[in-house]
Amino acid sequence: MSRPVGPRFRPMQVSDLERVMAVELQAYPFPWTRGHFVDSLAAGYRAQLRVDADDGLIGYSVAMAGVDEMHLLNLTVTPARQGQGHAQALLAELGQAARAAKAATVWLEVRESNARARALYERWGFESVGRRKGYYPANAGRREDALVMRWTLGGSEEPAP
Ligand SMILES: CC(C)(COP(=O)(O)OP(=O)(O)OC[C@H]1O[C@@H](n2cnc3c(N)ncnc32)[C@H](O)[C@@H]1OP(=O)(O)O)[C@@H](O)C(=O)NCCC(=O)NCCS
């Protein structure tokens, strides 16, 4: 039987963190530390990689499962692979997992200035439901607000992108 070609998903492991951190540092002005990922894996959060057939890292998501909800903590696509639908694939995979876990809602926070991510989430069906004042560090010692977004999981399909 031939092996599948094209991108696929697999769980993130501690041994992946060197490559994950290389992407994280490219993708964000205020990246997570290695410790954030280590703690997330130790806590049993749902951390998925999107990889090429040769295991090249495309992107990842980290989500914390609650009783009937999921909280998306990190969604990142390596800069060279952005604009190719990989974030939408990561959201679709998360939505399937959330539905399988009988979650009704997926929550996330996003920087108010992150127009690209906000547009992606809105098109995907997230709605902005609140604001956390000064939630993120920003340049020159300032803070930036987070918008709290909620995706209410409906039927069995993810929204059309
Ligand atoms: C925000 C982020 C996750 C989006 O990832 P992405 O893989 O580029 O997103 P997608 O390709 O799935 O969709 C985004 C865009 O690509 C377009 N697109 C989808 N498939 C495409 C394809 N085959 N060819 C060209 N464009 C495509 C989408 O229509 C969408 O259009 P837009 O550029 O007008 O928004 C990514 O930019 C990123 O990692 N940014 C840095 C980290 C970050 O801000 N994360 C979010 C924190 S809350």
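For ligands, and for the atoms within them, numbers begin at 1 and follow the listed sequence.
- Taking atom 21 (C) of ligand 1 as the reference point, the nearest protein heavy-atom neighbour is Gly83 O, 3.1 Å.
- Both Leu73 and Leu17 sit in one connected hydrophobic cluster of ILVMFWY residues. Membership requires side-chain heavy atoms under 4.5 Å apart, directly or through other members.
- At least one N or O atom of Gly85 sits closer than 3.5 Å to an N or O atom of ligand 1.
- Looking only at heavy atoms of the protein, atom 46 (C) of ligand 1 is closest to Leu75 O, 3.4 Å.
- Residue-to-ligand polar distances place Gln88 within reach of ligand 1: an N/O pair is separated by less than 3.5 Å.
- Of the polar atoms of Val110, none of the N or O atoms is found under 3.5 Å from an N or O of ligand 1, judged by distance alone.
- With hydrogens and angles disregarded, no donor-acceptor distance shorter than 3.5 Å links the side chain of Asp39 to the backbone of His36.
- The distance criterion of under 3.5 Å between nitrogen or oxygen atoms is not met by Thr76 with respect to ligand 1.
- For the atom pair CD1 (Ile58) and CZ (Phe9), the distance works out to 8.5 Å, reported to the nearest 0.5 Å.
- Nearest non-hydrogen protein atom to atom 47 (C) of ligand 1 is Tyr28 OH, 3.7 Å.
- Not a single heavy atom of Ala119 sits less than 4.0 Å from an atom of ligand 1.
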- Test log, rule side chain to side chain donor-acceptor pair (under 3.5 Å), inputs Arg99 and Gln96: CA-CA 5 Å; Arg99 286 189 179 96; Gln96 283 174 6; over 6 Å; no
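- The nearest protein atom to atom 44 (O) of ligand 1, hydrogens excluded, is given as Asn114 ND2, 2.7 Å; this is a heavy-atom distance.
- Rounded to the nearest 0.5 Å, atoms NE2 (His71) and OH (Tyr45) are 9.5 Å apart.
- Atom CZ of Arg50 sits about 15.0 Å away from atom OH of Tyr60, to the nearest 0.5 Å.
- Contacts between Leu108 and ligand 1, counted as non-hydrogen atom pairs separated by less than 4.0 Å, are absent for every part of the residue.
- Note: Tyr135 OH to Glu144 CD = 12.5 Å, rounded to the nearest 0.5 Å.
- At a heavy-atom distance under 4.0 Å, only side-chain atoms of Tyr121, from C-beta outward, approach ligand 1.
- With a heavy-atom cut-off of 4.0 Å, Arg123 touches ligand 1 through its side chain alone.
- Closest heavy-atom contact between Val20 and Leu49: CG2-CD2, 4.0 Å.
- Ligand 1 has no nitrogen or oxygen under 3.5 angstrom from a nitrogen or oxygen of Ala27.
- Rounded to the nearest 0.5 angstrom, Tyr28 OH and Arg111 CZ are separated by 10.0 Å.
- With a heavy-atom cut-off of 4.0 Å, Arg111 does not touch ligand 1 at all.
- In terms of polar-atom proximity, Glu109 is not counted as a contact of ligand 1, lacking any N or O under 3.5 Å from an N or O of the ligand.
- In this structure, the separation between CD on Glu69 and CG on Leu153 is 11.0 Å, given to the nearest 0.5 Å.
- What sits closest to atom 9 (O) of ligand 1 on the protein, heavy atoms only, is Ala87 CB, 3.2 Å.
- Salt-bridge annotation for Glu112 and Arg131: present, with a side-chain N of the basic residue lying under 4.0 Å from a carboxylate O of the acidic one.
- For a threshold of 3.5 Å applied to N or O pairs, the pair formed by Val77 and ligand 1 contains at least one separation below that value.
- Under the 30°/60° scheme for interplanar angles, the aromatic rings of Trp151 and Phe126 are found to be tilted.
- Looking only at heavy atoms of the protein, atom 14 (C) of ligand 1 is closest to Arg116 NH2, 3.6 Å.
- Here Gln82 has heavy atoms under 4.0 Å from ligand 1 in both its backbone and its side chain.
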